Amino acid sequence: MEVRPPLSEAELLARADAIAGRTLAFLATRLDRDVPPDLTRHKGWVGNLVEDALGAWARTRPEPDFPRLGIELKTLPIDAAGKPRESTFVCKAALADVGGSTWATSTVAKKLRRVLWVPVEADKATPLAERRVGTPLLWSPSADQEAILEADFEELAQLIEEGWVASVTAHRGRYLQLRPKGASAASRARGIDEHGAPIATPPRGFYLRRTFTAALLAERFVVARR
DNA sequence: TTTTGATCATCC
DNA sequence: GGATGATCAAAA
């Protein structure tokens, strides 16, 4: 079965609500696909399953999953306490030709402008097939959140632009961090050194720390009480 | 236990 | 090779 793209935000949210509480086996059966024994060799399986269950557009393009709606879909693996188990990949970082990059025009800002977070149980003790989808959260950064994301981005982008990418570690950044994002440690991307000369360096990506995504989920309940 | 750095599948 | 989707696993 193939799910057609949702025509509106309301339709997308209705679908996300409809799969809340369902198991991954249920979604897989409906989409006529098998549940792998574990995620070791299928790390993107859950994300792809939820995308297809909600009718996300064709993948492999640097656009939001629902370009017409301007919404990015992210599954969030959560533990028994409902807290994220992992950080969240946002996008690749440009390491060359980065002159004049700004937060406002950055891919990071575009990706995070509007995100549909779909929590998915990820307790190791629960078989993949039995894990359930959680209550979705359509989110946009608050002014305070965006100010910090922007500061993180500007700091990291400036380091890249000035040629210090090779010495930037994942310790930098309050909400956003820069980490390797490649096929292996041997992967290389083009970057620039402190003299502006081309260098080959591991490709990097921007990630959201899990403390940040945990705060987003926690905030939902505060809002819901009002 | 948590976080950083490394890795896996698929598609074009 | 580089984009998408992420989680694994060694280190701290």
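Computed from a prediction, not measured in an experiment: that's the story for all the values here. In what follows, chains carry the letters A, B, and so on, assigned in the order in which the sequence lines appear, proteins first and then strands, with residues in each chain numbered from 1.
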Is R179(A) close enough to dA6(B) that one of its side-chain N or O atoms is under 4.0 Å from OP1 or OP2 there? no

Atom-to-atom span, CG of D34(A) to P of dT10(B) - whole angstrom: 13 Å

Where the side chain of R209(A) is defined as all heavy atoms beyond and including C-beta, which of dT7(C), dG5(B), dT3(B) is the nearest nucleotide? dT3(B)

With heavy atoms under 4.0 Å as the rule, sort P77(A) into base, sugar-phosphate or nothing. sugar-phosphate

Find the distance Y207(A):OH to dC8(C):C1' and express it as a whole number of Å. 12 Å

Whole angstrom value for the distance that separates C1' of dT4(B) from NE2 of H171(A): 6 Å

L176(A) CG to dT3(B) P, in whole Å, measures 16 Å

Length of the line joining E72(A):CD and dA3(C):C1', which is rounded to integer Å: 13 Å

Apply the salt bridge (Lys or Arg N to Asp or Glu O under 4.0 Å) test between E121(A) and each candidate in R131(A), R22(A), R132(A), K83(A); give the one that qualifies. R132(A)

Sugar-phosphate only, base, or nothing, as touched by R172(A) at under 4.0 Å among non-hydrogen atoms: nothing

Pick from D193(A), V165(A), I192(A): which one makes a side-chain contact (heavy atoms from CB on, under 4.5 Å) with T201(A)? V165(A)

Pick the closest DNA chain B nucleotide for E86(A) and for A186(A) by heavy atoms, then say which residue is nearer the 5' end. E86(A)

What contact category does G44(A) fall into here, base, sugar-phosphate, or nothing, at under 4.0 angstrom with non-hydrogen atoms? base

Go through the steps for R33(A) and D52(A) under the test side chain to side chain contact (heavy atoms under 4.5 Å, CB included), then give the verdict. CA-CA 11 Å; R33(A) 64 186 62 171; D52(A) 293 343; 2.9 Å; yes

Is there a donor-acceptor contact under 3.5 Å linking the side chains of D144(A) and S142(A)? no

Just how far, in rounded Å, is C1' of dA6(C) from CD1 of I78(A)? 16 Å

Report which part of the nucleic acid T169(A) touches: base, sugar-phosphate, or nothing (heavy-atom distance under 4.0 Å, all strands). sugar-phosphate

Has the side chain of K181(A) got a donor or acceptor atom sitting under 3.5 Å from an opposite partner on the base of dG5(C)? yes

For K83(A), report the nucleic acid contact type (base, sugar-phosphate, nothing); a contact means any heavy atom under 4.0 Å. nothing

Looking at dT4(C), I'd like to know if its phosphate oxygens (OP1 or OP2) sit under 4.0 Å from a side-chain N or O belonging to K111(A). yes

Report yes if at least one side-chain N or O of Q177(A) is closer than 4.0 Å to OP1 or OP2 of dT3(B); otherwise report no. no

Report the distance from atom CD of E51(A) to atom C1' of dA9(B), rounded to the nearest whole Å. 13 Å

For F66(A) and A56(A), the nearest pair of non-hydrogen atoms, with its separation, is CE2-CA, 3.4 Å

Between dC8(C), dT7(C), dT4(C), which nucleotide gets closest to the side-chain atoms of T40(A)? dC8(C)

If you check the A170(A) side chain, which of dG5(C), dT4(B), dT3(B) turns out closest? dT4(B)

OP1 or OP2 of dA6(C) versus the side-chain N and O atoms of T75(A): is any pair under 4.0 Å? yes

May I ask you to verify if any side-chain N or O of R41(A) is less than 4.0 angstrom from the OP1 or OP2 atom of dT7(B)? no

Is any side-chain nitrogen or oxygen of K92(A) closer than 4.0 Å to OP1 or OP2 of dA3(C)? yes

Any donor-acceptor pair under 3.5 Å linking the side-chain atoms of S87(A) with those of R209(A)? no

Rounded off to whole Å, could you give me the CZ-to-C1' distance for the R204(A) and dA3(C) pair? 18 Å

